[in-house]
Amino acid sequence: MEKITAIRGFKDILPQDALLFRKIESIARRIFDSFGFREIRVPLIEKTDLFKRSIGETTDIVEKEMYTFADRDQELITLRPEATASVIRAYIEHNMHAAEPITKLFTIGPMFRRERPQKGRFRQFNQIDVELFGEEKPQADAEIIFMLMHFLTGCGLQNLVLEINSLGCPACRPSFSKAVIDFLKGSEANLCPDCQRRIHTNPLRVFDCKVETCAATIARAPAILDFLCADCHDHFTQVKSFLDDLNITFAVNSRMVRGLDYYTRTAFEVKASTLGAQNAVAGGGRYNGLVSDLGGPAVPGIGFAVGFERLVSCLPDDGTNIFKTDLFVAALGSKAQKIAFGLTNQLRAQGLSAEMDYADKSLKSQLKRADKLNASFTLIFGDKEIEEQQALLRNMQTKDQQAIPLDRLPESIIKIIKER
RNA sequence: GUGGGUGUAGCUCAAUUGGUCAGAGUGCCGGGUUGUGGCCCCGGAGGUUGAGGGUUCAAGUCCCUUCACUCACCCCA
């Protein structure tokens, strides 16, 4: 029989890692809650047009990375490659803008992109996605970046680098784009083949090319920050100022461009040095035109996404990522087994984590098992104890054992373990 | 989509120029204590060497095909 494996790029999150995922999720929920963000859960599949319109027809994501299928009625549907589009769709669909001036949402879940897998990149991966609608003031930008950094450091991440940039707006970006294209065409000979292609497809991408000659050429290229209109310039200046006020250290990277078309003004990225080539652990930006582009009101928005797997992979090992068991019930003999079976399940029903062995094994092997399960206590009883109407509760760390009357077993055990 | 690397026990990896090379550690099970874990000692189970084909007296080792994993490019979280 040939064994069936998971699809390429799709990973099982095994219990050990799931424990970390849970931990990160709970930190996220707690912090986002303090900042007034509410959880929203949106579908994993949307109409294909939603992503085409939001992410951009000519982006790599839409052109070659989406999982798109024909539904049974031939309508094209797509496994979401990112969450922002879906959240905005829901925001519009439920008229949230009318219910309150500012809406803060977050969602956690899997995204799908059909790329070639490598370190830190999978075809199904999880993101924490945060969106803030209805506020265009620079405080919103600073607030959301502050919350992101607070969250990442709260998870225990170190050596993070925050980079920010402003991508301008429909008023000022075109003149910059034109200047860049003119410049690139003038120095086309110095660029790598990929970049020569990019001049025509997506000129701004030339900015993060890693080829040396390209980087050297780009160093002399026009910078977006010199082309910002007065409003965008002012907005960016204030964002930086508010970040300073919040004691957030950042680096302005005027060459940072982002892969999604919808960003305006503030764009930011957080890099972690331990990640390998795919070193961005979070990224985001402002999208003032996107809500209306998707058929909603003219409401500004800003958001970010955190790569869950990437975050988890650079988490320091603090030794807390282990499973524990409150009680192991070691029964000896069939009579004791029968009682233990009822007792174990009764204790579980009352919230203790309890385990026992159904095979009639030696005490030694049962204690070994208890040890493997990181049991705090082991309850030992066999014929002798039944006769004496008691059981032995062994503290696995101190090796202390105390006798407990059988008729008060559950209550006494719960009391002792909870008081510990 | 393109390029490199790697596939041997559940896991991490050995095996010289093709010739007792099917191994170790760890994990698992059992014993050393007729009922007391971690350390230590002993024993046991577990592999068509990813798969298929070829060369050879002989292939884990060489060749071809294929699959998978992995890293990088592209791009992104």
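Naming convention: chains lettered A, B, ... in sequence-line order (proteins, then strands); numbering from 1 in each chain.
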Can you check whether [X] has a side-chain N or O nearer than 4.0 Å to OP1 or OP2 of [N]?
X: A/Gln118; N: B/rC73; value: yes
X: A/Arg121; N: B/rA77; value: no
X: A/Lys11; N: B/rU70; value: yes
X: A/Lys399; N: B/rG38; value: no
X: A/Ser365; N: B/rG30; value: yes
X: A/Arg116; N: B/rC74; value: no
X: A/Lys364; N: B/rG30; value: no

Gap in Å between the two [atom1] atoms, one belonging to [N] and one to [M], rounded:
N: B/rU33; M: B/rU20; atom1: C1'; result: 40 Å
N: B/rU55; M: B/rU61; atom1: C1'; result: 14 Å
N: B/rG5; M: B/rA77; atom1: C1'; result: 26 Å

Upstream residue (5' side of RNA chain B) when A/Gly9 and A/Glu82 are each assigned their closest nucleotide: A/Gly9
RNA chain B: 5'-proximal contact among A/Lys64 and A/Val281 (nearest heavy atom): A/Lys64
Under 4.0 angstrom, heavy atoms only, what part of the nucleic acid is [X] near: base, sugar-phosphate, or nothing?
X: A/Ile128; result: nothing
X: A/Ile380; result: base
X: A/Phe122; result: base
X: A/Ala282; result: sugar-phosphate

Any residue meeting side-chain contact (heavy atoms from CB on, under 4.5 Å) with A/Arg29, in chain and number order, not counting sequence neighbours: A/Glu25, A/Glu39, A/Arg41, A/Phe106, A/Ile108
Mind checking whether [X] and [Y] have parallel, tilted or perpendicular rings, split at 30° and 60°?
X: A/Tyr91; Y: A/His97; answer: tilted
X: A/Phe35; Y: A/His150; answer: tilted
X: A/Phe32; Y: A/Phe151; answer: tilted

Looking only at N and O atoms, is any donor in the side chain of [X] or the base of [N] less than 3.5 Å from an acceptor on the other one?
X: A/Glu385; N: B/rG35; result: yes
X: A/Arg394; N: B/rG37; result: yes
X: A/Gln366; N: B/rU36; result: no

Over 12 foreign heavy atoms within 6.0 Å of CD, A/Gln16: yes
Neighbour count above 12 (heavy atom, 6.0 Å) for A/Gln238 CD: yes
Go through [options] for me and flag the one nearest to the [X] side chain.
X: A/Arg113; options: B/rA77, B/rC74, B/rC69; result: B/rA77
X: A/Leu332; options: B/rG35, B/rA77, B/rC69; result: B/rG35
X: A/Arg310; options: B/rA77, B/rC75, B/rG35; result: B/rA77
X: A/Lys361; options: B/rG30, B/rG38, B/rC75; result: B/rG30

Side-chain touch A/Leu352/A/Ile414, heavy atoms, less than 4.5 angstrom: yes
For A/Val62, the option from A/Thr68, A/Thr78, A/Ile55 that meets side chain to side chain contact (heavy atoms under 4.5 Å, CB included): A/Ile55
Verify stack between A/Phe308 ring and B/rA77 base, 5.5 Å, 30 degrees: no
Pairing pattern in dot-bracket form [Watson-Crick, G-U; both distances under 3.5 Å; | = partner strand] for RNA chain B: (((((((..((((.....[...)))).(((((.......))))).....(((((..]....))))))))))))....
